[in-house]
There are 4 protein chains.
Amino acid sequence: MIIEIDMASETPIYTQLVYQIKLGIVRGRMHAGDSLPSVRSLAGDIGINLHTVNKAYKVLVGEGVLTQVKKGYEISRETPPKISETYKEEFKEKLFDLMIDANVFDIDVDMLLEEMKIKLKGDEQHD
Amino acid sequence: MIIEIDMASETPIYTQLVYQIKLGIVRGRMHAGDSLPSVRSLAGDIGINLHTVNKAYKVLVGEGVLTQVKKGYEISRETPPKISETYKEEFKEKLFDLMIDANVFDIDVDMLLEEMKIKLKGDEQHD
Amino acid sequence: MIIEIDMASETPIYTQLVYQIKLGIVRGRMHAGDSLPSVRSLAGDIGINLHTVNKAYKVLVGEGVLTQVKKGYEISRETPPKISETYKEEFKEKLFDLMIDANVFDIDVDMLLEEMKIKLKGDEQHD
Amino acid sequence: MIIEIDMASETPIYTQLVYQIKLGIVRGRMHAGDSLPSVRSLAGDIGINLHTVNKAYKVLVGEGVLTQVKKGYEISRETPPKISETYKEEFKEKLFDLMIDANVFDIDVDMLLEEMKIKLKGDEQHD
DNA sequence: GTGGTCTAGACCACA
DNA sequence: GTGGTCTAGACCACC
């Protein structure tokens with residue numbers, strides 16, 4: 001698993017981890033039913049605290065992205081994970097705030113989104 | 001000034017305040033050179049501490065959105081405020097993370113953006 | 001009298017006024033015994049509050065630069081004004097702090113001082 | 001860390017703290033990458049409020065002297081911190097005002113500067 | 001009236 | 001343990 005963590009970023013490490021795992025799914029590197037590395041081994045590989053990995057996994061379980069099974073964690077088999085209304089509200093709030101900034105600072109969001117669609121596909125094909 | 005703060009939200013109050021003020025500008029309710037309510041009066045109106053308002057104002061000054069003058073704070077007269085490269089990077093990161101979630105949870109971002117463009121204009125015209 | 005006040009500056013107006021008056025003396029535009037404009041007229045000319053001009057004059061009296069006489073204020077006849085040890089200590093502190101910044105931010109103070117010596121003389125001769 | 005704060009001074013405590021930290025760097029007592037004492041521990045040691053220390057640290061981060069990392073604050077690794085034009089203008093203003101006073105009060109700045117260069121080096125070598 | 005500074009104490013998120 | 005946020009209340013400088 002390829003995980004990139006920026007220790008200097010202001011984004012909490014567990015949050016970065018959450019998004020890196022989701023990114024793996026979006027790019028098609030990980031599929032429903034795949035099992036994840038153990039908390040201990042992943043923490044060791046990345047060089048971060050056990051608790052941090054644990055928290056990231058718990059968050060993903062809470063979102064329905066991962067499922068905890070006997071032998072550890074795996075990608076949930078039911079897709080797409082159902083998201084709660086409150087989560088969707090949070091999502092919209094965040095997006096709305098970003099749009100406000102885009103307006104205030106004159107950022108071209110449409111162009112950025114095009115870039116990102118490409119970046120999201122990433123190396124989807126070489127997997 | 002119309003300010004809506006959700007005390008139950010996990011978003012810090014000062015951050016909400018920052019976005020509410022920016023929203024006022026984007027919607028055309030406040031214009032370059034307009035002066036803002038004093039730290040104490042706004043705090044009193046909203047029912048929060050003056051330090052919280054102060055922090056929001058300071059953040060906006062740091063972003064170039066507000067300017068501090070002898071008699072208080074006002075909307076910066078130079079528009080649009082130039083945004084630093086590092087800030088833009090942060091912006092892109094946040095947007096990228098949102099796009100990941102949109103993919104994972106099958107959210108139609110394009111549709112949401114249309115909604116938001118309308119919401120952003122808001123009551124621009126009745127002012 | 002030529003007084004330049006920057007209302008947008010973070011330096012208090014009365015402080016700017018104090019320095020502008022001292023600058024007039026240093027440049028030889030004003031001499032011992034000269035009387036100053038009345039508080040009211042100067043405030044009117046600059047467009048600031050009476051209290052502000054008053055405070056500046058009071059500070060200068062306190063420093064021995066001005067003397068209050070029946071008809072108003074005049075430049076002290078005794079030169080150079082004696083300064084207290086505590087004032088000199090303050091002066092040294094300020095200068096020391098500036099030197100620290102010069103070191104940290106790699107500013108060439110010697111060069112700046114040369115510039116300033118010229119600027120201080122200013123239009124000394126055309127008066 | 002050696003920090004000297006004058007509680008009776010009219011200079012704000014956080015400002016004194018800012019200069020004391022810079023002085024530590026200039027004197028070579030602290031180097032790029034060194035981590036600073038935690039906000040709370042330093043506040044406790046000096047006997048001031050943690051918010052006051054916090055503000056000093058924030059100012060230094062804003063100036064590029066300190067960097068905030070996950071585990072706290074550290075001296076920025078990139079040296080020297082680049083200083084903005086507006087900051088340099090402020091610096092020149094302050095220095096100019098001091099030079100005015102030096103002229104008015106007949107203070108020998110050149111001599112003081114020599115003293116200060118020695119004081120700045122301080123105990124650089126015994127460390 | 002305005003903002004600036006400082007204190008004291010609380011709760012939370014992160015690692 | 002670390003910093004982030006928020007509150008409450010105080011005193012001061014400036015205009």
Side-chain angles (χ1 to χ4, degrees), chain A residues 5 7 9-18 43 46-56 58-59, chain B residues 5 7 9-17 35-44 46-59 61 66 68-74, chain C residues 5 7 9-18 43 46-56 58-59, chain D residues 5 7 9-17 35-44 46-59 61 66 68-74:
Chain A
I5 300 293
M7 300 301 283
S9 166
E10 64 171 4
T11 310
I13 295 176
Y14 84 89
T15 305
Q16 294 183 49
L17 196 45
V18 163
I46 307 180
I48 60 178
N49 197 294
L50 289 178
H51 302 314
T52 309
V53 176
N54 207 353
K55 172 144 190 181
K58 291 295 183 196
V59 168
Chain B
I5 300 294
M7 301 299 285
S9 165
E10 64 172 4
T11 309
I13 295 176
Y14 81 89
T15 304
Q16 295 183 48
L17 198 44
S35 52
L36 280 89
S38 80
V39 169
R40 278 171 175 77
S41 71
L42 183 55
I46 305 180
I48 60 177
N49 193 278
L50 79 171
H51 292 115
T52 309
V53 176
N54 203 348
K55 173 143 192 183
Y57 280 8
K58 290 296 184 195
V59 168
V61 168
L66 297 187
Q68 190 159 10
V69 291
K70 279 284 178 319
K71 60 186 194 53
Y73 294 88
E74 63 176 40
Chain C
I5 300 293
M7 300 300 284
S9 166
E10 64 171 5
T11 310
I13 293 176
Y14 85 89
T15 305
Q16 294 183 50
L17 197 46
V18 163
I46 307 179
I48 59 177
N49 197 294
L50 289 177
H51 302 314
T52 310
V53 176
N54 207 350
K55 172 144 190 182
K58 293 294 183 196
V59 167
Chain D
I5 300 294
M7 301 300 285
S9 166
E10 62 172 5
T11 310
I13 295 177
Y14 81 88
T15 305
Q16 294 183 49
L17 197 45
S35 53
L36 280 89
S38 81
V39 168
R40 279 171 176 78
S41 71
L42 184 54
I46 305 179
I48 60 178
N49 193 279
L50 78 170
H51 292 114
T52 309
V53 176
N54 203 349
K55 173 144 189 181
Y57 280 6
K58 289 297 183 194
V59 168
V61 168
L66 297 188
Q68 192 158 10
V69 291
K70 280 284 178 319
K71 61 186 194 51
Y73 293 89
E74 64 175 40

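The sequence lines fix the lettering, A, B, ..., with proteins before strands; numbering per chain opens at 1.
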How is [X] classified with respect to the nucleic acid when contacts are heavy atoms under 4.0 Å: base, sugar-phosphate, or nothing?
X: B:I13; answer: sugar-phosphate
X: D:Y57; answer: nothing
X: B:Y73; answer: sugar-phosphate

Original post:
Has the side chain of D:H51 got a donor or acceptor that lies under 3.5 Å from a partner of the other kind on the base of F:dG3?
Top reply: no

Original post:
Between the base of E:dG4 and the side chain of B:R40, is there a donor-acceptor distance below 3.5 Å?
Top reply: yes

Round to a whole Å and report the spacing from [atom1] of [X] to [atom2] of [N].
X: A:K58; N: E:dA15; atom1: NZ; atom2: P; result: 17 Å
X: D:E10; N: F:dC11; atom1: CD; atom2: C1'; result: 16 Å
X: B:N54; N: E:dC6; atom1: CG; atom2: P; result: 13 Å
X: B:L42; N: E:dG1; atom1: CG; atom2: P; result: 16 Å
X: D:Y14; N: E:dT5; atom1: OH; atom2: P; result: 4 Å
X: C:K55; N: F:dA13; atom1: NZ; atom2: C1'; result: 6 Å
X: B:K71; N: F:dA13; atom1: NZ; atom2: C1'; result: 19 Å
X: B:Q16; N: F:dG4; atom1: CD; atom2: C1'; result: 15 Å

Subject >> Nearest-nucleotide pick for D:M7, side chain only, options being F:dT2, E:dT7, F:dC15 >> reply: E:dT7

Original post:
What's the spacing between D:I13 CD1 and D:H51 NE2 if we round to 0.5 Å?
Top reply: 14.0 Å

Subject >> Closest-nucleotide ordering on DNA chain F, the 5'-leading residue of C:N49 and B:G47 >> reply: B:G47

Original post:
Considering heavy-atom distances to DNA chain F, does B:L50 or C:P12 have its closest nucleotide positioned more toward the 5' end?
Top reply: B:L50

**OP:** Would you check, one step at a time, whether the test side chain to side chain contact (heavy atoms under 4.5 Å, CB included) holds for B:Y73 with B:N54?
**Re:** CA-CA 10 Å; B:Y73 294 88; B:N54 203 348; 3.7 Å; yes

Original post:
So B:Q68 and C:E10, side chain to side chain contact (heavy atoms under 4.5 Å, CB included) or not? Walk me through it.
Top reply: CA-CA 9 Å; B:Q68 190 159 10; C:E10 64 171 5; over 6 Å; no

**OP:** Between D:T15 and A:T15, just flag the one whose closest nucleotide in DNA chain E comes earlier from the 5' side.
**Re:** D:T15

Subject >> Stems where DNA chain F pairs, listed by first number, each of three or more Watson-Crick or G-U pairs under 3.5 Å >> reply: E:1-14 with F:1-14

May I ask you to evaluate whether [X] reaches the phosphate of [N], defined as a side-chain N or O under 4.0 Å from OP1 or OP2?
X: A:T52; N: E:dC14; value: no
X: D:S38; N: F:dG3; value: yes
X: B:Q68; N: E:dT2; value: no

**OP:** Considering non-hydrogen atoms only, spot the tightest contact between B:I5 and B:L17 and give its length.
**Re:** CD1-N, 3.9 Å

**OP:** Measure across D:L42 and D:Y57 and return the closest heavy-atom pair with its distance rounded to 0.1 Å.
**Re:** CD2-OH, 3.3 Å

Subject >> D:K70 side-chain N/O to A:S9 backbone N/O, donor-acceptor pair under 3.5 Å >> reply: yes

**OP:** Could you please spell out the steps behind the side chain to side chain contact (heavy atoms under 4.5 Å, CB included) verdict for C:I48 and C:M7?
**Re:** CA-CA 9 Å; C:I48 59 177; C:M7 300 300 284; 4.3 Å; yes

Subject >> B:L66 side chain near B:E74 side chain, heavy-atom distance below 4.5 Å >> reply: no

